[in-house]
Amino acid sequence: MAVYNYDVVVLGSGPAGEGAAMNAAKAGRKVAVVDSRREVGGNCTHLGTIPSKALRHSVRQIMQFNTNPMFRQIGEPRWFSFPDVLKSAERVIAKQVTSRTGYYARNRIDLFFGTGSFSDEQTIEVVCPNGVVETLVAKQIVVATGSRPYRPADIDFHHPRVYDSDTILTLSHTPRRLIIYGAGVIGCEYASIFSGLGVLVDLIDNRDQLLSFLDDEISDALSYHLRNNNVLIRHNEDYERIEGLENGVILHLKSGKKIKADALLWCNGRTGNTDQLGLENIGIKVNSRGQVEVDQHYRTSMSNIFAAGDVIGWPSLASAAYDQGRSAAGNIVENDSWRFVDDVPTGIYTIPEISSIGKNERELTQAKIPYEVGKAFFKSMARAQISNEPVGMLKILFHRETLEVLGVHCFGYQASEIVHIGQAIMSQKGAANSIKYFVNTTFNYPTMAEAYRVAAFDGLNRLF
Ligand SMILES: Cc1cc2nc3c(=O)[nH]c(=O)nc-3n(C[C@H](O)[C@H](O)[C@H](O)COP(=O)(O)OP(=O)(O)OC[C@H]3O[C@@H](n4cnc5c(N)ncnc54)[C@H](O)[C@@H]3O)c2cc1C
């Protein structure tokens, strides 16, 4: 059994682990990364963000081919199977692994593939797939072990027709009818993907509104477009039990309804990957969701142990996880790369795409802030017309006296890109954060960014 000494050991090679490892290595620390998978990238690359976004992209292309009359000259609408579109996701995953493996090599970071656990606050034992145990000793350790789908004990996830967001990537057929239980971001994204493939989706929501943290108008738009694409949304429902059949499932709801489908995709909650870490050996506690508590410096209750990414809970996004990991390492190396990550935009890759930053109308109304609204509808914009992407809107909320931009809410083509223009302006101080920026600045034409100019004029015209 070999013992290796490091300045920093990072557990997990998802975005949080990568952000931490790169920052520590660039500051001259000797770094090792441990991951229980045999490839880097974390669940983000292998099971979550990357495969779902690649699937969505392929489905959007299929939808464009099947609905744009121009393509009828080269063929009739075609049906694609889920395994077919999965292949393009696999290609992206492989490319991501190659690029990311290169980053570790370039930064002289040692990689250990095996499951790591604490034997004391400076020692990690790594059990490798071949049974060999390696011992890593480090002054500082970053826990970035991510999360996995929450699996209630009363649901048989071994049933061949019951999937979660990890196992759905092994689906080898295309169901005609699919139940998606849980209408959070992941449930809504998969509802878009499967309905785009022509699958009849029942989307079961525990609440009375989809993604209620969004601006109401955008949440309504999402519901409309999902329904328009054959998704049956059932609000305020809870499961009683899930009955597995030979070729399908029956979902029994507490309301007495029974829904039958070829398969069920469970998208209700996630659990932090802490159960194999041996945290009990070093006195770090986790909450009921398996998450570790940290302070604003990403430090756990042990002063040399940090945690970042999904394992600490909110916002559980790859975008934030990378910055949290980088910040955790910023604290370790004591340079200026630390910040508490709380200004996270929302990017939701449903069809249509949704993105927002800042306050929404409900929040501003509750806070009695005198705001005004400016809107641009994509159906009138040249770039959206050229791209055959008429669905969507950009909405800017701004203070009617100071003209400060308070929120940007967008759905439709390129929404998750467009929002960053608003984000950049909102992060400016004083008069620089004014809606006037969008009317006093020349934008490329035709672009989707032009929506800011249109929305700003619309909003400023409402002032008196
Ligand atoms: C379907 C889906 C879609 C998503 N879409 C988006 C999106 O569009 N945008 C976005 O920003 N976020 C998205 N997310 C969320 C995003 O994937 C996560 O927030 C992100 O992966 C968290 O990164 P992380 O570094 O904390 O951990 P992870 O990516 O979960 O990686 C953790 C790694 O640690 C390893 N590990 C676990 N335990 C141990 C151990 N004991 N020893 C060694 N290694 C261990 C795991 O095997 C894994 O490789 C999505 C998630 C899902 C499920």
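All ligand and atom numbering here is 1-based and tracks the order in the structure. Computed from a predicted structure; not experimentally measured. The first residue of the sequence shown is numbered 1, and numbering continues consecutively from there.
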Discussion item. Using 30° and 60° as the class boundaries, would you call the ring planes of Tyr239 and Tyr181 parallel, tilted or perpendicular?
Written reply: perpendicular
Worksheet item: Do any N/O atoms on Gly309 end up under 3.5 angstrom from N/O atoms on ligand 1?
Response: no
Worksheet item: What protein heavy atom sits nearest atom 27 (O) of ligand 1, and how far off is it?
Response: Gly146 CA, 3.2 Å
Discussion item. Can you tell me how the ring of Phe194 sits relative to the ring of Phe82, calling it parallel under 30°, perpendicular over 60° and tilted otherwise?
Written reply: parallel
Worksheet item: Are Phe378 and Tyr413 close enough that their ring centres sit under 6.0 Å apart?
Response: no
Discussion item. Test your reading of the structure: does Asp35 have an N or O sitting under 3.5 Å from an N or O of ligand 1?
Written reply: yes
Practice prompt. With the side chain counted from C-beta on, respond yes when Asn107 and Val31 share a heavy-atom pair under 4.5 Å apart, and no when they do not.
Written response: no
Worksheet item: Can you check whether Val311 has an N/O within less than 3.5 Å of an N/O in ligand 1?
Response: no
Worksheet item: Considering distance alone, does some N or O of Ser319 sit under 3.5 Å from an N or O of ligand 1?
Response: yes
Discussion item. Could you check whether atom CZ of Arg176 has more than 12 heavy atoms from other residues, nucleotides or ligands sitting under 6.0 Å from it?
Written reply: no
Discussion item. Below 4.0 Å, non-hydrogen atoms only: which portion of Thr45 touches ligand 1? Side chain, backbone, both or neither.
Written reply: neither
Worksheet, complete the sentence: closest protein heavy atom to atom 37 (C) of ligand 1 is Thr145 O, 3.3 Å
Discussion item. As an exercise, identify every atom of ligand 1 less than 4.0 angstrom from a heavy atom of Gly12.
Written reply: 33 (C), 34 (O)
Worksheet item: Please state which protein non-hydrogen atom is closest to atom 11 (O) of ligand 1 and give its distance, to 0.1 Å?
Response: Ala318 N, 2.9 Å
Discussion item. I'd like to check which ligand 1 atoms, numbered from 1 as shown, lie under 4.0 Å from a non-hydrogen atom of Arg37.
Written reply: 47 (O), 48 (C), 49 (O)
Worksheet item: Is the number of heavy atoms from other residues, nucleotides or ligands under 6.0 Å of Tyr224 OH greater than 12?
Response: no
Worksheet entry | Min heavy-atom dist Gly114 to ligand 1 below 4.0 Å | yes
Worksheet item: In the protein, which heavy atom is nearest to atom 44 (N) of ligand 1, and how far is it?
Response: Ser36 N, 3.1 Å
Worksheet item: Closer than 4.0 angstrom: is that true for some heavy atom of Pro15 and an atom of ligand 1?
Response: yes
Discussion item. Just to verify, what does Ser337 make a side-chain hydrogen bond (donor to acceptor under 3.5 Å, both in side chains) with, not counting sequence neighbours?
Written reply: Asn23, Asn335
Fill in: Presence of salt bridge, Glu217 and Lys375, under 4.0 angstrom
yes
Worksheet item: What about Asn43: any of its N or O atoms under 3.5 Å from an N or O on ligand 1?
Response: yes
Worksheet item: Does ligand 1 have a heavy atom under 4.0 Å from the side chain of Lys53, from its backbone, from both, or from neither?
Response: side chain
Item to complete: Just jot down the ligand 1 atoms closer than 4.0 angstrom to any heavy atom of Leu277, in number order.
Response: 41 (N)
Worksheet item: Is it true that atom CD of Glu280 has more than 12 heavy atoms of other residues, nucleotides or ligands lying nearer than 6.0 Å?
Response: yes
Fill in: Nearest protein heavy atom with distance in Å, relative to atom 1 (C) of ligand 1
Ile186 CG2, 3.7 Å
Worksheet entry | Residue part near ligand 1, for Ser52, under 4.0 Å between non-hydrogen atoms | side chain
Worksheet item: For atom 51 (C) of ligand 1, which candidate among Ala307, Cys267, Gly48 provides the closest heavy atom?
Response: Gly48
Worksheet item: Of all the atoms in ligand 1, which lie at a distance below 4.0 Å from a heavy atom belonging to Thr115?
Response: 41 (N), 42 (N)
Fill in: Distance filter under 4.0 Å to Ala16 heavy atoms, resulting ligand 1 atoms
25 (O), 26 (O)
Worksheet item: Crowded around Arg339 CZ? As in, over 12 foreign heavy atoms under 6.0 Å?
Response: yes
Practice prompt. List the steps, then state whether salt bridge (charged side-chain N to carboxylate O under 4.0 Å, His left out) holds for Arg383 with Glu389.
Written response: CA-CA 8 Å; Arg383 183 60 182 260; Glu389 297 283 357; over 6 Å; no
Worksheet, complete the sentence: atom 26 (O) of ligand 1: closest protein heavy atom, distance to 0.1 Å, is Asp310 N, 2.9 Å
Worksheet item: Which heavy atom of the protein is the closest neighbour of atom 50 (C) of ligand 1, given with residue, atom name and distance?
Response: Thr49 OG1, 3.6 Å
Worksheet item: Does a sphere of radius 6.0 Å around NE2 in His57 hold more than 12 heavy atoms from other residues, nucleotides or ligands, not counting ones at 6.0 Å or beyond?
Response: no
Discussion item. Distance under 4.0 Å to a non-hydrogen atom of Leu317: what atoms of ligand 1 satisfy this?
Written reply: 10 (C), 11 (O), 12 (N), 19 (O)
Worksheet item: Do other residues, nucleotides or ligands put more than 12 heavy atoms under 6.0 Å from the CZ atom of Arg207?
Response: no
Worksheet entry | N or O pair under 3.5 Å between Ser165 and ligand 1 | no
Item to complete: Determine the sole option in Ile168, Thr174, Leu169 for which the side chain to side chain contact (heavy atoms under 4.5 Å, CB included) test with Leu171 is passed.
Response: Ile168
Worksheet item: Taking NZ, NE, NH1 and NH2 as the nitrogens, is one of them in Arg241 or Asp154 under 4.0 Å from a carboxylate oxygen of the other?
Response: no
Worksheet entry | N or O contact, Gly41 vs ligand 1, cut-off under 3.5 Å | no
Discussion item. Which of the numbered atoms in ligand 1 are under 4.0 angstrom from any heavy atom belonging to Tyr349?
Written reply: 8 (O)
Discussion item. Is it the case that the side chain of Asn236 and the backbone of Asp208 share a donor-acceptor pair, with hydrogens and angles ignored and the cut-off at 3.5 Å?
Written reply: yes
Item to complete: Have a look at ligand 1 and work out which part of Arg270, if any, has a heavy atom under 4.0 Å from it: side chain, backbone, both or neither.
Response: side chain
Worksheet entry | For ligand 1, the portion of Ser316 having any non-hydrogen atom under 4.0 Å away | backbone
Worksheet item: Thinking salt bridges, do Lys139 and Asp7 make one under a 4.0 Å N-O criterion?
Response: yes
Worksheet item: Counting only heavy atoms, which portion of Ser147 has something under 4.0 Å from ligand 1: side chain, backbone, both, or neither?
Response: backbone
Practice prompt. Could you check whether the rings of His297 and Trp338 sit parallel, tilted or perpendicular, using 30° and 60° as the cut-offs?
Written response: parallel
Worksheet item: Which residue holds the protein heavy atom closest to atom 42 (N) of ligand 1, what is that atom called, and what is the gap in Å?
Response: Gly116 N, 2.9 Å
